[in-house]
Amino acid sequence: MEKAYEPKKIEDKIYETWEQSGFFNPDNLTGDPYSIMMPPPNVTGVLHLGHALENSLMDIMARYQRMQGKKVLLLPGTDHAAIATQAKVEKVLASQGIKNPRQELGRDKLLEKIREYAENSKATILSQIKKMGTSCDWSRLSYTFDEARSQTVNEVFSKMYNDGLIYRGYRVINWSVKGQSTCSDDELVHVERPAKLYTFKYGPAFPMSIATTRPETKLGDTAVAVNPKDERYAQYIGQTFTVEVGALKPLAIKIIADESIDPQFGTGAVGVTPAHSPVDFLMYEKQKAQNNPIELIPVIDQLGKMTENAGPNYVGLTVEEARARFLDWLKSNNLLEKEEDIAQNVGTSDRFGDVVEALPMVQWFVDVNKTIPGKNKTLKDLIREAVTTGHNGDQNQKIKITPDRFEKVSLDWIDNLRDWCISRQIWWGHRIPVWYKGSEIYCGTKSPEGEGWEQDPDTLDTWFSSGMWTFSTLDKKDDLKTFHPTSWMQMGYEILFLWMVRMILMSTYHLDQIPFLDVYIHGMLRDEKGQKFSKSSGNNVDPLEVIEKYGTDALRLSLISGITPGNDSKFYDEKVESARNFCNKLWNISRYILSSDLENETKPEVKILRSSDVWIIEKFSSLIESTGQGLEKYQFSQAAERLVEFTRNDLADWYLEVAKFESNKEVKAWVLKNILQDLLKLWHPFIPFVTETIWSGMNESKLLLIEKWPERNKYSSGMEDWQRDNHLLHFNKVKEVISAIRNIRLENKIDIKNKITVIARIPESGNPAFKSVIEDEQEIIKKLRTGVEDIQVEISNEILENAYFAPVGDVNIYVPFAGAIDKVAEKQRFEKEVANLEKYISGLERTLGNTDFVKKAPQAVVDKEKKNLKDAQDKVKEIKGYLENLR
RNA sequence: GGACAUUUAGCUCAGUUGGUUAGAGCGUCGCAUUCACAUUGCGAAGGUCACUGGUUCGAGUCCAGUAAUGUCCACCA
């Protein structure tokens, strides 16, 4: 074995071995099915650290479950990411001089360009996933835009259409002028910006003033809404006033009542523009439902210009120009009353970046509030059910969200859910499976027979297809039956509403099943300063570079260290570095163990186990349990932390050191060999490459990848509890003694090469029998190792006078080394300790003197406290006695 | 405006159902080194657990309020 672990040399080779073994494919595995669908990365570019984190989490679970003997499917894939990809490619093309790609290239050519880009990006992404060591089944690789997935999209669309859950309607939608497409409510990013709030009157005779930040839209006003309880305006409700503001026709403004109007804000009266405000559109619909309709006048078009309706003075102007002109008109007519600066939240298009315009258009919508035929439930109900009572009230079909606080957030979101606009005017995406011929309309999975049918030019919202990811990917024979609902899903909180909820909607509607049993929400990665990673802030980290420098295992371990569900975490070089160091530590531990003589296949007899053996076996046994539990509860960080602690502190620093002086080679061989093998198994899900490499040096033919998870009972020592406890107690004392000796030596600057004379006694033996003199630290370790009696040494009065006394539990050690002892420092040290102890004692006494405590606290707690008190008092007595002698 | 989260050592974070002396890693400082490992080991210093009040025999932990920071949602025109 090399002196240091060098990941670069082996990682690719190992991944290849795994892949060729066929065990990434569940068809080659047996056992209960366990499935994870990889959230498909967008084909807009390369993977970033967030993806690396996700791959680590998923792969840890997949490998752990595989070692549990399950038939594990981790299904990889990519997402065509409709708007995101088209926007990206258009930007690239623009930078190459094709300023207006849609017009200059046309539909087919532009799609060709995007496809080319997407394929490139896909190839890069897939190779990155492999680099991460992700154990996914490449034979089931999926793409949201491939044949099989598109087929499912058409099927589900048609089904929803036939169920009347998808409709085509004229409604106000979010329109990106820049992208020339709609956006759903969830694709908006709200940005705060300074704006001006203008207060004005439509005309001198109009009974009230209104306030607005968008004066130009007022050319399309058809109502003024007031709160019905507002006495100032109650008399006007129901009246219509005709005003002349320069629009094509005079505006008929009806005064309507609406509860949502805040009488305190502005003038308490709101100009209603049904065509250009989602809120106002709601009022428009409400009025219509109450048979008290108001008009709807679009004054802005899809290019962001004023329409004819806006009047001859405004038609063709941009909204900014129209605004200025309208304000001029208000001013010159003395209608503008106030102008104030306010902060305003505007919705911008997530992908194109421009402020969206609210426009009325004919679009396709998913009706979330309509009763599903034959079900007495709406889509909204289905989503709610899945996270509360369970699908159809079945608790086994309830989605568990970790951490659970996201359940509440989801419920709030569901309550506010409005009809989902699913049609987009971009070209990159699934074409809406609807065909028109004259007034005829056809919806189906394939184009209809006959001539003259024309398909709807629009494409579907990308989330419509990704919502089906958990089942559209399972198109192989029996896969759906075997792997759905999927076992576990992980995602960042930022796509909770965009994706998680839509998967629930699609799966419960289409399959009558929840999409996944468990969902784990992870936080976002931030840089050292807590800032988001992004290209624009220049702090982007390329996972491949990190891998190149430190190795994949180090990256994986650092990513999952220090994270807790749902909370953001910071990522920086030092973290990877220490993970890399750890991998190397594990490598060297193995190197050492494998270089020693391990010829023993049989478990040693209980009676020849030393206390250190019992100790490490017990520690390891509980490690098996805690690692498993940690993973079952998705406490990745904690599980890894415990593993590090065991590997580094317990195994390397204590057991291996002490074992160097172990005389019983057979015991050592069995313990070391077995613990090392099983430790590699525990570590494998986290750091697969280094563990597999070490493993391959021990087991020529078999892969660690499919080894069974260690059994705890293999490490039961088979001894009585009291016996085991004695061993553990003893070894803990040994550790204390060794530590104390180290301290003494260090503090007194005793060279390790000097002989230290150590004299110890066991107080409770009552009659200290001193036997031998021990020569140096390593000798001490050896002696201590074999039994307490061995370190009892003869002590003369002469030695006692110069003795250094360190109380360490029940074992007291005297180190006569007169010349080196700084008595003043020692005195201070002990006085401090006494002070601490006394503080502790007085606390305990207060507690124990409290009758309520004795009555109410559990007996075990009281007893423990009593024992603690006695121990502390004894210790103080001893130290005080020593301090007396010191004078 | 609403909701949620966070606040513990210089930094990054643990702290399971309340149990009395609050932990780790990094960093700092000191020390060690023929050893499987300098990608190492040992040790020390460093914290009124944001603040105020409450519940309790007992609060970092539960409750209420305050402050700071962050995130999400939202139709103040």
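Every heavy atom of this structure was used, including side-chain atoms; hydrogens, water molecules and symmetry mates were not. Sequence lines set the chain letters: A, B, ... in the order given, protein chains first and strands last, and positions in each chain run from 1.
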Can you identify which nucleotide, out of [options], has its nearest atom closest to the [X] side chain?
X	options	answer
E641(A)	rG19(B), rA14(B), rC37(B)	rA14(B)
F853(A)	rC57(B), rA77(B), rC4(B)	rC57(B)
N584(A)	rA77(B), rU12(B), rU39(B)	rU39(B)
F265(A)	rC57(B), rC26(B), rC76(B)	rC76(B)
K856(A)	rU56(B), rA77(B), rC42(B)	rU56(B)
N581(A)	rG19(B), rC75(B), rU40(B)	rU40(B)
N416(A)	rU20(B), rC73(B), rU12(B)	rC73(B)

Taking both distances under 3.5 Å as the test for a Watson-Crick or G-U pair, what stems of at least three pairs does RNA chain B have?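 Listed by first number, the stems are B:1-7 with B:67-73, B:10-13 with B:23-26, B:28-32 with B:40-44, B:50-54 with B:62-66.
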
Can you find a side-chain donor-acceptor pair between [X] and [Y] that sits under 3.5 Å?
X	Y	answer
N581(A)	Y550(A)	no
Y572(A)	D527(A)	no
E337(A)	T199(A)	no
D262(A)	N227(A)	no
E187(A)	S184(A)	yes

When all nucleic acid strands are considered with a 4.0 Å heavy-atom cut-off, which category describes [X]: base, sugar-phosphate, or nothing?
X	value
K855(A)	nothing
R580(A)	base
T212(A)	sugar-phosphate
D262(A)	base
Y572(A)	sugar-phosphate
N567(A)	sugar-phosphate
A269(A)	nothing
T564(A)	sugar-phosphate

If you find the nucleotide of RNA chain B closest to F497(A) and the one closest to R418(A), which residue's nucleotide is nearer the 5' end?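 Here F497(A) is the residue nearer the 5' end.
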
Return the 5'-most residue of the pair R214(A), E865(A) with respect to RNA chain B, ranking by each residue's nearest nucleotide.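 In this pair, the answer is E865(A).
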
Interatomic distance at [atom1], [N] relative to [M], whole Å:
N	M	atom1	value
rU16(B)	rU8(B)	P	16 Å
rU61(B)	rG19(B)	P	11 Å
rU7(B)	rU12(B)	C1'	14 Å
rG46(B)	rG23(B)	P	14 Å

Distance check needed: [N] [atom2] versus [X] [atom1], whole Å only.
X	N	atom1	atom2	result
I261(A)	rG1(B)	CD1	P	19 Å
E574(A)	rG25(B)	CD	P	16 Å
H190(A)	rC73(B)	NE2	P	8 Å

Please walk me through it: do R502(A) and D186(A) pass salt bridge (charged side-chain N to carboxylate O under 4.0 Å, His left out)? CA-CA 11 Å; R502(A) 285 176 169 105; D186(A) 302 295; 2.9 Å; yes

Return the orientation label for the F636(A) and Y520(A) ring planes: parallel under 30°, perpendicular over 60°, tilted otherwise.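 The rings of F636(A) and Y520(A) stand perpendicular, inter-plane angle above 60°.
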
Using the six-membered ring wherever Trp is involved, compare the ring planes of F582(A) and W683(A) and label them parallel, tilted or perpendicular (cut-offs 30° and 60°).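 Answer is tilted, since the angle falls between 30° and 60°.
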
Has the side chain of K585(A) got a donor or acceptor that lies under 3.5 Å from a partner of the other kind on the base of rC37(B)?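 Yes, a donor-acceptor pair under 3.5 Å.
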
